[in-house]
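Step one of this worksheet: look at the structure below.
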Amino acid sequence: MLHDSYGRQVEYLRLSVTDRCDLRCTYCMPEDFKGYEQTDDWLTFDEIERVVRAFAHLGVRRIRLTGGEPLLRGNLAGLAGRLSAIPGIADLSLSTNATHLAKNAQALHKAGISRLNVSLDTLNPARFAAITKREALASVLNGLMVASEIGFAPIKINMVVMAGVNDDEIDAMVAFCMQHGFILRMIETMPVGETGRNAGFVALAPIRERLRSRFGLVDGVVPGGGPARYLVSHDRRFQVGFITPMSQHFCETCNRVRLSVDGTLYTCLGQNDKVDVRIMLRAGCSDRELAAALIEGIERKPFKHEFKEAPDKVIRFMSSTGG
Ligand code: SAM
Ligand code: SF4
């Protein structure tokens with residue numbers, strides 16, 4: 001089992017399969033970003049599978065494929081099939097912007113991905129283009145409808161709420177998610193990279209209380225292993241989650257680490273502590289040495305982020321770490 005020095009068990013790996021993206025969400029990635037990892041430094045599928053086997057052996061049960069935009073990595077369904085077949089991996093999920101979801105959804109579902117998180121901050125095409133710097137809302141909505149028809153469940157919509165950008169659209173997003181049976185999750189912007197620092201932070205607590213009374217919602221629990229706190233309707237058919245890393249952090253229950261596409265294991269999103277897994281793999285480490293490095297790195301997992309105390313600390317962008 002993987003435990004850190006504060007007694008938290010790590011059982012969830014966020015696995016970035018690319019640092020490229022076809023969108024440029026203002027809070028995530030600079031529009032003119034050029035600092036991509038060399039493709040030679042990307043972990044191969046064989047290397048990823050080896051690392052995930054090592055994690056599974058140490059008690060990790062959940063994997064989320066992420067990026068960058070994971071659907072830009074060739075044959076992602078092939079990788080998903082390999083990972084979902086690893087003994088011990090009970091839950092394989094995907095975070096995507098959904099621009100390429102419609103054509104990939106069937107293969108991904110067959111490969112063992114059942115749960116999806118889709119980023120969607122607005123339902124307004126012009127606003128979507130302003131936030132993401134691309135005109136792709138129609139493809140995203142099409143991807144969502146195809147995925148829903150195929151039977152992905154649950155589908156969670158991640159909405160980053162930004163002051164003066166989309167905070168007037170919350171009720172419209174609630175209505176959209178109610179209509180289609182999606183779980184809505186609102187996210188506070190985090191100062192990850194300079195893009196995150198300039199994103200127009202909005203505290204979610206007042207929004208939560210307004211929605212509670214407007215829609216008659218009550219506190220609820222939704223499975224998934226993440227840090228969101230939920231409100232649900234009385235018949236539980238509608239669920240809305242609030243991810244509040246800034247106003248009410250959840251570090252004391254953190255159960256996750258992140259592996260970036262170049263094989264760097266980050267043990268906290270808001271700190272720079274890391275293990276250079278790729279370098280070990282390519283130096284020919286044994287399985288025992290790999291496991292020892294993971295155990296030791298996770299033992300040193302920092303207690304908490306310092307987004308408030310030291311907002312300039314993390315210079316890497318969310319797309320590079322794997323969100
Ligand atoms: N491209 C995929 C997507 O957008 O879902 C996966 C990667 S993306 C980095 C993962 C999540 O990180 C998205 O839900 C996105 O909204 C969130 N994110 C990116 N930058 C953020 C920031 N500065 N603060 C809060 N959330 C952020
Ligand atoms: Fe791309 Fe996702 Fe970042 Fe948007 S949030 S730029 S879709 S990686």
Side-chain angles (χ1 to χ4, degrees), residues 14-33 35-36 63-73 76 93-101 104 108 113 115-122 128-134 136-137 139-140 143-144 147 155-163 165-166 173 182-204 224 226-228 241-247 249-250 256 258-261 266 269-270 305 307-308 311-323:
R14 293 206 167 192
L15 178 65
S16 173
V17 294
T18 178
D19 58 351
R20 317 276 157 123
C21 191
D22 53 336
L23 303 185
R24 290 289 181 277
C25 302
T26 46
Y27 47 79
C28 181
M29 207 173 171
E31 197 171 356
D32 58 352
F33 185 70
Y36 294 116
I63 307 282
R64 173 170 294 280
L65 301 175
T66 184
E69 174 44 43
L71 294 181
L72 298 187
R73 178 96 186 230
L76 187 70
S93 57
L94 172 71
S95 284
T96 175
N97 64 26
T99 54
H100 295 279
L101 185 55
N104 288 297
L108 292 166
I113 295 178
R115 303 196 298 118
L116 281 184
N117 285 6
V118 172
S119 282
L120 181 61
D121 302 324
T122 176
F128 183 95
I131 295 173
T132 67
K133 311 292 186 235
R134 303 286 185 272
L137 179 61
S139 320
V140 172
L144 270 170
I155 297 178
K156 296 180 180 169
I157 303 294
N158 284 343
M159 174 188 191
V160 175
V161 180
M162 290 164 283
V165 177
N166 64 346
M173 289 292 282
F182 302 143
I183 297 176
L184 177 61
R185 301 187 330 153
M186 288 174 224
I187 305 177
E188 290 177 349
T189 56
M190 289 176 271
V192 183
E194 58 177 304
T195 45
R197 283 188 273 284
N198 298 327
F201 168 76
V202 178
L204 293 180
F242 301 84
I243 302 180
T244 56
M246 304 301 290
S247 64
H249 76 75
F250 33 77
R256 66 199 52 202
R258 292 174 165 82
L259 186 67
S260 65
V261 68
Y266 291 102
L269 181 60
H305 66 66
F307 288 148
K308 282 196 168 155
D312 296 336
K313 192 162 193 175
V314 176
I315 57 165
R316 60 185 188 275
F317 298 106
M318 191 73 122
S319 53
S320 315
T321 310

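Ligands are counted one by one from 1 in listed order, and the atoms in each one are counted from 1 as well.
- Within the listing of ligand 1, atoms 1 (N), 2 (C) sit less than 4.0 angstrom from a heavy atom of Glu69.
- Cys28 lies close to atom 3 (Fe) of ligand 2, since one of its N, O or S atoms is found at a distance under 2.8 Å.
- Within the structure, ligand 1 has Glu188 among the residues with a heavy atom less than 4.0 angstrom away.
- Shown in contact with Gly67 at under 4.0 Å from a heavy atom are these atoms of ligand 1, numbered in order with element: 7 (C), 9 (C).
- Taking only nitrogen or oxygen atoms, main chain and side chain alike, Ser95 does not reach within less than 3.5 Å of ligand 1.
- When only modelled atom types and interatomic distance are considered, Thr96 and Glu69 share a side-chain donor-acceptor pair under 3.5 Å.
- For the side chain to side chain contact (heavy atoms under 4.5 Å, CB included) with Met159, the lone residue among Val118, Leu120, Asn166 that qualifies is Asn166.
- For ligand 1 and Gly68, the ligand atoms under 4.0 Å from any heavy atom of the residue are 1 (N), 2 (C), 6 (C), 7 (C).
- With values rounded to the nearest 0.5 angstrom, Ile243 atom CD1 is found 5.5 Å from Asn158 atom CG.
- Ligand 1 has an N or O atom lying under 3.5 Å from an N or O atom of Met190, backbone or side chain.
- Contact between Val202 and Ala163 at its shortest, heavy atoms only, is CG2-N, 3.1 Å.
- Side-chain contact between Thr26 and Lys133: present, with at least one pair of heavy atoms (C-beta onward) separated by less than 4.5 Å.
- For ligand 1, the atoms sitting less than 4.0 Å from at least one non-hydrogen atom of Gly196 are 23 (N), numbered in the order shown with element in parentheses.
- Not one N or O on the side chain of Arg256 forms a donor-acceptor pair closer than 3.5 Å with the backbone of Arg14.
- Annotation: atom 16 (O) of ligand 1 to nearest protein heavy atom, Val160 CG2, 3.2 Å.
- Nearest non-hydrogen protein atom to atom 4 (Fe) of ligand 2 is Cys25 SG, 2.3 Å.
- Side chain to side chain, Arg316 and Thr321 meet the donor-acceptor criterion of an N or O pair below 3.5 Å.
- Residue contact annotation: Cys21 places an N/O/S atom under 2.8 Å from atom 1 (Fe) of ligand 2.
- Ligand-side atoms of ligand 1 in range of Ser119: 3 (C), 4 (O), 5 (O), 13 (C), 14 (O), 15 (C), 16 (O), range being under 4.0 angstrom from any heavy atom.
- Applying the 4.0 Å criterion to heavy atoms of Thr66 picks out, from ligand 1, the atoms 6 (C), 7 (C).
- Considering backbone and side-chain atoms alike, Thr189 places every N or O at 3.5 Å or more from each N or O of ligand 1.
- Residue contacts with ligand 1 for Val118 are absent, since no atom lies close enough (heavy atoms, distance under 4.0 Å).
- The distance from ligand 1 to the heavy atoms of Thr96 drops below 4.0 Å at these ligand atoms: 2 (C), 3 (C), 5 (O).
- In terms of modelled atom types and a separation under 3.5 Å, the side chain of Thr195 and the main chain of Cys28 share a donor-acceptor contact.
- Residue contacts with ligand 2: Gly68 is included, with a non-hydrogen atom under 4.0 Å away.
- Using a 4.0 angstrom heavy-atom cutoff, Ala199 does not count as in contact with ligand 1.
- What sits closest to atom 18 (N) of ligand 1 on the protein, heavy atoms only, is Met318 CE, 3.7 Å.
- At least one N/O-N/O distance between Tyr27 and ligand 1 falls below 3.5 Å.
- In this structure, atom 2 (Fe) of ligand 2 has its sub-4.0 angstrom surroundings free of protein heavy atoms.
- Glu188 is not listed as a side-chain neighbour of Phe242, based on a closest heavy-atom distance of 4.5 Å or more.
- Ring planes of His305 and Phe307: parallel class, angle under 30° (limits at 30 and 60°).
- Every N/O-N/O distance between Cys28 and ligand 1 stays at or above 3.5 Å.
- The protein non-hydrogen atom at the shortest distance from atom 10 (C) of ligand 1 is Gly323 CA, 3.8 Å.
- Between atom OG1 of residue Thr66 and atom CG of residue Asn117 there is a gap of 9.0 Å, rounded to the nearest 0.5 Å.
- Under a 3.5 Å cut-off, the side chain of Arg73 and the backbone N or O of Val17 do form a donor-acceptor pair.
- Cation-pi geometry between Arg20 and Tyr36 is met: the NZ or CZ atom falls under 6.0 Å from the ring centre, inside 45° of the normal.
- Taking both residues in full, the closest heavy atoms of Leu65 and Pro70 are given as O-CG, 4.1 Å, listed atom of the first, atom of the second, then distance.
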